[in-house]
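Residues take their numbers from the sequence shown, with the count starting at 1. We count ligands from 1, going down the list as the structure has it; atoms in each ligand are counted the same way.
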Amino acid sequence: MSDATPGPATQPEATQQQDWTVRMVLDWTIAHLKQHGSESPRLDAEILLAHARGCQRIQLYTNYDTPLEPEQRAKMRELVKRRATLEPVAYLVGFREFFGLDFEVGPGVFIPRPDTETLVVTLLEVAKEMTSPETLRVLDVCTGTGCIPISVAANCPRAIVTAVELDENVVKMAQRNAEKNNVASRVRILQGNLFEPLSPDAQFEFIASNPPYVTDEEMDELQPDVRFHEPHLALRGGRDGLDIVRRLLAEAPSRLARGGVMLMEIAGEQAETVRQLYAETGQFEAADIAKDLGGRSRVVWARKKQ
Ligand code: GLN
């Protein structure tokens with residue numbers, strides 16, 4: 001029995017294994033995860049226990065005094081052990097909600113953030129106003145789980161989406177996510193580096209990206225959950241964080257159809273610089289900035305000059 005999990009060492013003398021109730025396991029886990037540096041120990045404990053029991057979180061509270069089955073307890077023990085090393089909860093349960101949809105996630109893939117919903121909302125709003133062409137070709141570069149292209153396809157029936165991802169295993173996961181969310185017929189996932197896997201003449205009404213944009217300096221300051229567990233490929237953007245942003249802006253104009261729109265997620269403090277980078281290409285109308293729910297600048301977008 002590991003000392004990192006509910007076990008004999010922490011149980012009252014006379015208590016049998018099967019006497020560990022939902023309440024006891026929750027209380028124990030919350031204290032344990034707090035001690036190991038989780039910033040959301042109660043939420044973590046609830047999500048993990050619901051997962052171990054195969055129930056909804058709300059059902060923990062309606063079954064507070066129900067003892068755990070031995071298999072549930074064994075499963076919980078493994079989950080808590082991993083969470084105590086600050087492995088992200090999303091990896092432990094294997095999925096993450098984004099834009100009201102379910103996405104498979106796991107070690108090796110960047111976990112979708114609510115911040116990125118700002119990009120999806122902005123794209124959908126601009127798409128709604130674009131009366132022609134009937135079919136909207138959308139490209140998403142650095143797609144990860146596929147959260148951007150899949151949410152766009154699910155909410156915009158006119159969209160035909162292409163997504164590019166460098167990591168082969170992540171490509172497969174994005175493909176499964178498209179199938180799971182019933183948009184696989186309108187979402188094509190390609191493996192490769194940025195624009196490389198596209199056919200030479202492929203053009204788009206929208207190009208979107210949540211590129212890596214964390215600066216070298218900030219990489220060392222990221223929370224341990226992110227820094228030690230999430231893929232640096234999806235995070236590291238070089239000295240000023242904008243290495244990939246510059247490469248995207250260099251090629252995007254030739255890939256955009258007439259009146260096409262480029263949108264990128266960035267960090268708030270990069271917004272003005274990125275707006276300037278758009279301007280320096282000489283190929284875009286003045287860029288707009290969309291803010292996330294926390295009020296920070298999060299998306300810089302602009303229309304290609306006609
Ligand atoms: N906002 C992300 C984070 O630090 C970074 C995302 C990115 O580099 N694309 O969690």
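Residue, atom and distance of the protein heavy atom nearest to atom 4 (O) of ligand 1 are Leu222 CD2, 4.0 Å. The protein non-hydrogen atom at the shortest distance from atom 8 (O) of ligand 1 is Tyr213 N, 3.0 Å. Here the protein heavy atom with the shortest distance to atom 3 (C) of ligand 1 is Arg113 NH2, 3.8 Å.
Using a distance-only test at 3.5 Å, with no hydrogens or angles considered, a donor-acceptor pair links the side chain of Arg298 to the main chain of Ile266. Checking side-chain atoms of Asp240 against main-chain N and O of Thr215 turns up no donor-acceptor pair under 3.5 Å. A donor-acceptor contact shorter than 3.5 Å is absent between the side chain of His51 and the backbone of Gly94. A donor-acceptor pair under 3.5 Å is absent between the side-chain atoms of Glu230 and the main chain of Pro107, judged by distance alone. At distances below 3.5 Å, not a single donor-acceptor pair connects side-chain atoms of Arg53 with backbone N or O atoms of Gln72.
Taking any N or O of Glu265, backbone or side chain, none lies under 3.5 Å from an N or O belonging to ligand 1. Taking only nitrogen or oxygen atoms, main chain and side chain alike, Arg298 does not reach within less than 3.5 Å of ligand 1. Checking only distances, Asp115 never comes within under 3.5 Å of ligand 1, N or O to N or O.
For ligand 1 and Pro211, the ligand atoms under 4.0 Å from any heavy atom of the residue are 7 (C), 8 (O), 9 (N). Those atoms of ligand 1 with a heavy atom of Pro212 less than 4.0 angstrom away are 8 (O). Close contacts of ligand 1 with Leu235, meaning ligand atoms under 4.0 Å from a residue heavy atom, involve 5 (C), 8 (O).
Between Arg303 and Glu285 there is no salt bridge, since no side-chain N of the basic residue sits under 4.0 Å from a carboxylate O of the acidic one. A salt bridge is absent between Lys172 and Asp167; no separation between the charged side-chain nitrogens and carboxylate oxygens falls under 4.0 Å.
At a threshold of 4.5 Å between non-hydrogen side-chain atoms, the residues Lys75 and Glu71 do not count as touching.
Look at Asn210 and you'll find a heavy atom under 4.0 Å from some atom of ligand 1. Ligand 1 lies within reach of Ala234, whose nearest heavy atom is under 4.0 Å from it.
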